[in-house]
A.B. asks: 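Pasting in a structure now, in structure tokens, and then I'll have a few things to ask.
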Number of protein chains: 2
Amino acid sequence: MAKKIKIEQDTSTEEKIKEAARKVFSKKGYAATRTRDIAEEAGLNLALLNYYFRSKEKLFELIMMEKVQKLFGVLAPVLNNKNTSLEKKMELIAINYIDLLTVIPDLPLFVLSEIRNNPARFGEKMQVGKLIQNSIFVKQLIKKRPDLHPLQFIMSLLGMTLFPFIARPLFNSVGVLGQKEFDLLMEQRKALIPKWINLILKSK
Amino acid sequence: MAKKIKIEQDTSTEEKIKEAARKVFSKKGYAATRTRDIAEEAGLNLALLNYYFRSKEKLFELIMMEKVQKLFGVLAPVLNNKNTSLEKKMELIAINYIDLLTVIPDLPLFVLSEIRNNPARFGEKMQVGKLIQNSIFVKQLIKKRPDLHPLQFIMSLLGMTLFPFIARPLFNSVGVLGQKEFDLLMEQRKALIPKWINLILKSK
DNA sequence: GTCTATAACCTGATAGAC
DNA sequence: GTCTATCAGGTTATAGAC
């Protein structure tokens with residue numbers, strides 16, 4: 001029974017390739033990534049990529065799916081919770097995103113730019129739109145502020161929360177902010193954004 | 001004197017190529033763009049690109065320079081104006097950006113993602129950082145709110161203003177918003193953002 | 001499963017005719 | 001200045017040995 005258990009170090013070849021692919025795709029984007037880069041990053045041979053994943057395209061779609069799920073995974077459990085107030089929902093969204101992006105800062109810029117570069121790859125996502133539009137969150141928003149389109153508030157919340165991470169490559173290249181200082185500001189924002197969004201919600 | 005004047009239709013071959021390059025680079029990013037795409041878009045031959053611009057890289061750098069200047073061109077004239085209040089500056093930034101991006105919506109996502117994909121191309125920009133940090137705008141911000149890092153407010157202003165345009169490819173692919181409706185919301189935001197940012201500035 | 005070697009294709013760039 | 005034809009190099013994917 002204990003014969004061939006061997007603790008899977010999740011360093012299986014397949015996982016090694018996926019990890020390398022995450023890193024290289026995120027850094028350079030799909031088009032600029034060569035399969036050789038991924039193989040080298042994984043310390044493996046090029047042929048293995050095709051053995052495990054058939055093609056560069058298929059491997060990318062796998063990684064991309066992961067990323068999109070991570071990005072929407074923050075929203076999904078919050079939007080339709082009947083037991084939380086509108087204000088609490090917005091706070092949760094801000095805090096959860098900042099916590100996530102502190103670990104994976106390039107997530108939103110990666111997903112958004114790949115969608116832009118190749119919208120064809122994102123055909124049948126129409127459902128997501130309806131899902132958000134019919135959410136309890138949006139209903140609460142409309143009830144509280146029937147005078148404005150709910151997207152005005154959603155864009156402001158997400159803008160304040162996600163934009164710093166999207167613009168981070170610029171901050172870095174411009175040398176205006178170090179890694180540590182940035183993380184500190186983001187930690188602060190977890191309290192600031194809910195406060196500020198509440199001001200906006202109440203303003204008439 | 002009126003011999004060979006001929007109204008330059010700015011349809012010179014060189015300009016045709018640049019226009020096509022703007023379009024294709026913006027749509028697909030540097031790496032995914034083939035010089036053949038640009039030539040075809042311009043209705044011209046591939047060899048002309050190299051005749052006029054030496055290489056794909058040189059042509060791209062030209063376009064990129066234009067785009068970066070457009071993006072920072074909104075900030076530059078506002079930041080060091082001694083005759084405008086902090087509040088007025090923020091209003092101008094929001095309004096000018098929305099007006100600009102209504103015409104060139106993909107500008108910020110293009111610039112940010114290319115910087116991310118190839119930070120090496122943006123080496124000696126350190127000056128820009130200092131220029132912003134020493135601006136009158138930042139001084140006014142620190143004086144008004146010495147309790148918080150000025151970037152907390154700048155990120156919020158730019159996030160609220162730029163994020164809708166950055167996330168637009170997603171909105172489109174998700175089918176949540178039409179072109180016309182989007183433009184209407186942005187027009188509304190020109191009044192909303194200054195109002196909201198003022199609330200944030202005053203909050204203690 | 002993993003490797004080397006190579007096929008098949010594509011891309012940026014140029015030579016040379018007009 | 002503009003075109004066609006082509007080269008040189010790089011890229012994905014696969015065949016086949018181990």
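Naming convention: chains lettered A, B, ... in sequence-line order (proteins, then strands); numbering from 1 in each chain.
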A.B. asks: One thing to verify: whether A/Lys144 and A/Glu87 come together as a salt bridge, which I'm taking to mean a side-chain N less than 4.0 angstrom from a carboxylate O.
C.D. replies: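 Yes.
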A.B. asks: May I ask you to say whether B/Asp37 pairs ionically with B/Arg34, meaning some side-chain N is under 4.0 Å from a carboxylate O?
C.D. replies: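 B/Arg34 and B/Asp37: salt-bridged.
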A.B. asks: Within the distance-only criterion (no hydrogens, no angle test), does the side chain of A/Lys56 pair as donor or acceptor with the backbone N or O of A/Thr33 below 3.5 angstrom?
C.D. replies: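 It does hold such a pair.
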A.B. asks: For residues 69-84 of chain B, tabulate all N or O donor-acceptor pairs below 3.5 Å that involve a side-chain atom, not counting sequence neighbours.
C.D. replies:
from: B/Asn80; atom 1: OD1; to: B/Ile136; atom 2: N; distance (Å): 3.0
from: B/Asn81; atom 1: OD1; to: B/Asn83; atom 2: N; distance (Å): 2.7
from: B/Thr84; atom 1: OG1; to: B/Lys89; atom 2: NZ; distance (Å): 3.0

A.B. asks: Send over the distance from A/Glu40 CD to D/dT11 C1', rounded to a whole Å.
C.D. replies: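 In whole Å, D/dT11 C1' lies 15 Å from A/Glu40 CD.
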A.B. asks: Check residues 61-68 of chain A and write down every donor-acceptor pair under 3.5 Å in which the side-chain atom is one partner and the other belongs to a residue at least two apart or another chain.
C.D. replies:
from: A/Glu66; atom 1: OE1; to: A/Arg22; atom 2: NE; distance (Å): 2.8
from: A/Glu66; atom 1: OE2; to: A/Arg22; atom 2: NH2; distance (Å): 3.0
from: A/Lys67; atom 1: NZ; to: A/Ser26; atom 2: OG; distance (Å): 3.3

A.B. asks: Mark up nucleotides 11-18 of chain C, 5' to 3', with B wherever a protein heavy atom is under 4.0 angstrom from a base atom, S wherever such an atom reaches only the sugar-phosphate, and - elsewhere.
C.D. replies: BBBB----
A.B. asks: What integer distance in Å separates B/Leu49:CG from D/dC3:P?
C.D. replies: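 Rounded to whole Å, this separation is 11 Å.
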